[in-house]
Number of protein chains: 2
Amino acid sequence: MELKEALDTLKDTGVRITPQRHAILEYLINSMSHPTADDIYKALEGKFPNMSVATVYNNLRVFREVGLVKELTYGDASSRFDFVTTHHYHVICESCGKIVDFHYPGLDEVEHLASHVTGFKISHHRMEIYGTCPECASKEAH
Amino acid sequence: MELKEALDTLKDTGVRITPQRHAILEYLINSMSHPTADDIYKALEGKFPNMSVATVYNNLRVFREVGLVKELTYGDASSRFDFVTTHHYHVICESCGKIVDFHYPGLDEVEHLASHVTGFKISHHRMEIYGTCPECASKEAH
DNA sequence: TACACTATTTATAAAGATTATAAAGTAAGA
DNA sequence: TCTTACTTTATAATCTTTATAAATAGTGTA
């Protein structure tokens, strides 16, 4: 169960587990969308009537620093937050061909805009990122 | 000369050429960095002591709508703006193979994060978006 | 060149997101 | 249970961006 693992990660990193943190993580994991801080705040209003917006922001920052959560800036007003899952792309070394997994939440926004601009019914996309891996980069330096 | 072409683009699109617009475009073209709106505002303070910040924002939006400029969200506080060169993606119809250009800004963030996470020195990325074009979609409907 | 029409600029205020601060509260180990 | 340091809360401040309305200035036309 993802929530349990996430809480373990917090424990291992020495981050206290508060009811608010528990709830925010739970919401992020169960959320299919990419909620904004305000979405989360509003969603948990019922359970925590006294919770401050600052608490949401503070904890999202903590989660991000620990690596549990990714912050997405799609260009609209507010950042979106996503629990880090398994969807990933590939980063490919142009020198030795090594492929490294790169976890990044789906580029739903790109598909959305593509659909809007071209009128296509989008089914999926592919993306690869190219560059030089650290090993090859250090070889080149010699 | 890029500035001349940019001004022509404005003319063709029916956008008036004002001294402020001229100066903002010039600054964007000559700038090697990705300036924020405030950077531009400050840079042109000397030439236009009375220029409003709103003018900078308004015109950056106009330029973006016309396709001369792209807006980058790197995740920090404010957007950065970049004079558009030629970069674009392709949307491909899985039924008839038609390829449509799709202009999209902002995947610099993906490269940036990939570099940060994998240690690669990123050179570029490729992305294709797949779907069904409007024509094929309407054929299928029959 | 002068005129008129409308887009644009300016100045200001407002909105919205995020962060800072300080006091009150609480998780977690001894 | 007790203690201590970390968290939460409440509030205000900051920062970026947009909205508004009056003043200004481009651009086509006569």
Side-chain angles (χ1 to χ4, degrees), chain A residues 6-27 34-66 68-81, chain B residues 6-27 34-66 68-81 105-106:
Chain A
L7 293 175
D8 284 348
T9 302
L10 289 189
K11 216 167 207 168
D12 294 347
T13 332
V15 175
R16 286 189 187 168
I17 298 165
T18 66
Q20 293 90 339
R21 284 181 178 160
H22 191 286
I24 293 173
L25 271 182
E26 196 172 23
Y27 180 79
H34 298 157
T36 64
D38 198 58
D39 291 337
I40 299 170
Y41 176 62
K42 286 204 171 59
L44 301 180
E45 231 171 13
K47 208 181 281 183
F48 298 90
N50 294 324
M51 186 167 64
S52 168
V53 214
T55 299
V56 177
Y57 278 101
N58 286 339
N59 289 329
L60 287 172
R61 184 175 56 229
V62 169
F63 296 159
R64 188 190 56 203
E65 285 167 359
V66 171
L68 283 176
V69 159
K70 284 238 151 59
E71 181 173 358
L72 312 174
T73 55
Y74 278 147
D76 49 351
S78 43
S79 288
R80 297 168 176 285
F81 295 87
Chain B
L7 292 175
D8 284 347
T9 301
L10 289 189
K11 215 167 208 170
D12 294 346
T13 332
V15 175
R16 285 189 188 166
I17 298 165
T18 66
Q20 293 88 339
R21 284 181 178 159
H22 191 287
I24 294 173
L25 270 181
E26 196 171 22
Y27 181 78
H34 298 158
T36 65
D38 198 57
D39 291 338
I40 299 170
Y41 176 61
K42 286 203 170 60
L44 301 180
E45 231 172 13
K47 208 180 282 184
F48 299 90
N50 295 323
M51 187 168 63
S52 167
V53 213
T55 298
V56 177
Y57 278 101
N58 286 339
N59 289 328
L60 287 172
R61 183 174 59 229
V62 169
F63 297 157
R64 189 189 54 202
E65 285 166 359
V66 171
L68 282 178
V69 158
K70 66 180 169 180
E71 181 173 358
L72 312 174
T73 54
Y74 279 150
D76 49 354
S78 43
S79 288
R80 296 165 175 288
F81 296 86

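Note that this is a predicted model, so its numbers are computed, not measured. By convention in this document, chain letters (A, B, ...) are assigned in the order of the sequence lines, proteins followed by strands, and residues within each chain are numbered from 1. Computed over heavy atoms, backbone and side chain alike; hydrogens, waters and symmetry mates excluded.
Atom pair A:Glu65:CD and C:dT19:C1' shows a separation of 14 Å (rounding to whole Å applied). Here C:dT18 presents its P atom at 15 Å from CG of A:Asn59, a figure rounded to the nearest Å. Atom P of nucleotide D:dA23 and atom CD of B:Gln20 are separated by 18 Å, given to the nearest angstrom. The separation between A:Ile17 atom CD1 and C:dG29 atom C1' is 14 Å, rounded to whole Å. In this structure, the CD atom of B:Glu71 is 11 Å from the C1' atom of D:dT16, given to the nearest Å. As a whole-Å value, the separation of B:Leu60 CG from D:dT17 P is 10 Å. Following rounding to the nearest Å, B:Tyr41 (OH) and D:dC15 (C1') show an atom-to-atom distance of 15 Å. Note: CG (B:Asp39) to P (D:dC15) measures 15 Å, nearest angstrom.
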If you apply the rule side-chain contact (heavy atoms from CB on, under 4.5 Å), what do you find for A:Phe63 with A:Ile24, and how did you get there? CA-CA 10 Å; A:Phe63 296 159; A:Ile24 293 173; 3.8 Å; yes
Please test A:Val15 against A:Arg21 for side-chain contact (heavy atoms from CB on, under 4.5 Å), starting from the C-alpha separation and ending with a verdict. CA-CA 10 Å; A:Val15 175; A:Arg21 284 181 178 160; 3.3 Å; yes
side-chain contact (heavy atoms from CB on, under 4.5 Å), that's the test. Do B:Val62 and B:Leu68 meet it? Break it down for me. CA-CA 9 Å; B:Val62 169; B:Leu68 282 178; over 6 Å; no
Apply side-chain contact (heavy atoms from CB on, under 4.5 Å) to residues A:Leu60 and A:Ile40 and explain how you reach the verdict. CA-CA 10 Å; A:Leu60 287 172; A:Ile40 299 170; 4.0 Å; yes
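A distance-only check finds no donor-acceptor pair linking the side chain of B:Arg64 to the backbone of B:Val69 [under 3.5 Å]. Under a 3.5 Å cut-off, the side chain of A:Ser52 and the backbone N or O of A:Ala54 do form a donor-acceptor pair.
Side-chain atoms of A:Asn58 and A:Thr55 include no donor-acceptor pair closer than 3.5 Å. Between the side chains of B:Thr9 and B:Asp12, no donor-acceptor pair of N or O atoms lies under 3.5 Å. Judged purely by distance below 3.5 Å, without hydrogens or angles, the side chains of B:Ser79 and B:Glu71 pair a donor atom with an acceptor atom.
Stem analysis of DNA chain C (at least three stacked-register Watson-Crick or G-U pairs, each with both distances under 3.5 Å) gives C:1-30 with D:1-30.
The phosphate of C:dT9 (OP1 or OP2) has a side-chain N or O of B:Thr18 nearer than 4.0 angstrom. One finds a side-chain N or O of A:Arg21 lying less than 4.0 angstrom from the OP1 or OP2 phosphate oxygen of D:dT8.
Here D:dT17 is the nucleotide among D:dT17, C:dT18, C:dT8 with the atom lying nearest to any side-chain atom of B:Ala37.
Residues B:Phe81 and B:Pro19 each lie close to DNA chain D; by heavy-atom proximity, the contact nearer the 5' end of the strand is made by B:Phe81.
For the segment residues 46-58 of chain B, residues with any heavy atom less than 4.0 angstrom from an atom of DNA chain D are, sorted by number, B:Ala54, B:Tyr57.
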